[in-house]
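So that the names make sense, note that chain A is the first sequence line, chain B the second, and so on, each numbered from 1. What's counted below: heavy atoms across the whole structure, side chains too, no hydrogens, waters or symmetry copies.
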Protein chains: 2
Amino acid sequence: MADDIGAARRAAPEGRALDMAGLDQALGFRLRLAQQFVFREFAAHFAPLELSPVLYSALLLIEANPGCRQTDLAAALGVRQPNLVERIDSLVQRGLVSRSPDPDDRRANVLKLTPAGQRFMVRAHAVHDRHTRQLIERVGEENHDKLVEILERLY
Amino acid sequence: MADDIGAARRAAPEGRALDMAGLDQALGFRLRLAQQFVFREFAAHFAPLELSPVLYSALLLIEANPGCRQTDLAAALGVRQPNLVERIDSLVQRGLVSRSPDPDDRRANVLKLTPAGQRFMVRAHAVHDRHTRQLIERVGEENHDKLVEILERLY
DNA sequence: TATTGTTATACTCTATAACTATA
DNA sequence: TATAGTTATAGAGTATAACAATA
């Protein structure tokens, strides 16, 4: 008997599970783990396209709003302007986005997809569809939709 | 008329709202904004205690699992061991946690709350309760519970 | 050989202040 | 005066590799 207990202990040396003390019912804790998971899945899907969530979101909004300005894009993405500059730089350098001064307001830049950027987005949309379908498979379509609805209400 | 349009434009210089192109229905996008919001609220509530979400979670688990090891704590928190070391350091330096070598396995450390740490957690629990009640007020209790349930299923 | 804790390091995301050029 | 974009910088959070001590 004592040997069996010892064997069980040796067979499970991956560490002892802790009493979670209700932490697993805390919204902030769940949000952090869930976001880590979803972003890891996103990164795995989008690795071939070398797109982070914010880069994909930026391309998506520029596609839907050709001629938009960086200020409005930052506000829509929930990112500060200074943190958007280098990311736009990278999209311009990759030939996906054009940034040109707005003739009506020469302080502002006008953002558009280049033809290469438009072709690139065909692939990106397909990858995002696969990513989304995988998430829906994981939690069920009702739960997925409910999740988005409540999260939208939260913020 | 033209003057009115001009006035309306000047009265709303906060920027133009963009076509969100379905981005606001994307789970990853919603998760990012929701987590930003919840963490900001958390930070506002816990500023007097100088606790980040991970620091509070660590204290909570040490309180519920006196004598636990850093490996198991890191696994429970969803954090890598190297990233936990300095945070434990700070809790030890603040006199809230004691870290002593495990006599049964001298590679390992044993973590416990100090008496000061136990007193500190009375305040921390009260602050977390207020934080949680505010989140529940925002989305409703049913939605809050549903949210935690689905997020738990997601990860 | 494998594991615990640690150090060093790097990369990302986020935040603010201050600058420029325009308005 | 205020705004658009930029630069510089600082602070979290997270990731891996490699090491010493111990099992």
Check the orientation of B:His131 and B:His128. Use parallel for under 30°, tilted for 30 to 60°, and perpendicular for over 60°.
tilted
- Query: For atom CZ of B:Phe39, is the number of surrounding heavy atoms from other residues, nucleotides or ligands below 6.0 Å larger than 12?
  - Reply: yes
note: B:Leu73, atom CG; C:dG5, atom C1'; distance rounded to Å ~ 13 Å
Write out a two-atom table: protein N or O, nucleotide N or O from nucleotides 7-14 of chain D, distance below 3.5 Å.
unit_1	atom_1	unit_2	atom_2	d
D:dG13	OP2	B:Arg87	NH1	3.4
D:dT14	OP1	A:Gln36	NE2	2.6
D:dT14	OP2	B:Arg87	NH2	3.4

Whole-Å distance, A:Gln70 CD to D:dT3 C1', equals 13 Å
Atom CZ of A:Arg106 and atom P of D:dT6 are separated, to the nearest Å, by 16 Å
Here the distance between atom P of D:dT3 and atom CG of A:Asn109, to the nearest Å, is 18 Å
To the nearest angstrom, the CG-C1' distance between A:Asp104 and D:dA4 comes to 14 Å
Q. Base, sugar-phosphate alone, or nothing: which one does A:Asp102 contact when heavy atoms must sit under 4.0 Å apart?
A. nothing
Practice problem: Determine, for A:Arg99 against A:Asp89, whether the closest basic-nitrogen to carboxylate-oxygen distance falls under 4.0 angstrom. | Solution: yes
Partner of B:Leu151 under side-chain contact (heavy atoms from CB on, under 4.5 Å), picked from A:Leu33, A:Asn143, A:Ile150, A:Leu27, is A:Leu27
Distance test, side-chain N/O of A:Arg107 to OP1/OP2 of C:dA21, below 4.0 Å
no
Taking D:dA4, D:dT6, D:dA23 as options, the one with an atom nearest any side-chain atom of A:Arg69 is D:dA4
* Starting from the C-alpha separation in whole Å, work towards a yes-or-no answer on side-chain contact (heavy atoms from CB on, under 4.5 Å) for A:Asn83 and A:Arg80. => CA-CA 5 Å; A:Asn83 298 326; A:Arg80 300 296 170 116; 3.8 Å; yes
_Side-chain H-bond candidate by donor/acceptor type, B:Gln25 with A:His144, under 3.5 Å_ = no
Should B:Val110 and B:Leu96 be counted in the same cluster of Ile, Leu, Val, Met, Phe, Trp and Tyr side chains packed under 4.5 Å apart?
-> no
Side-chain atoms of B:Thr71 come closest, of C:dT4, C:dA23, D:dA23, to C:dT4
note: B:Ile88, atom CD1; C:dT6, atom C1'; distance rounded to Å ~ 13 Å
Worksheet item: Would you say a side-chain N or O of A:Arg99 is under 4.0 Å from OP1 or OP2 of D:dT6?
Response: yes
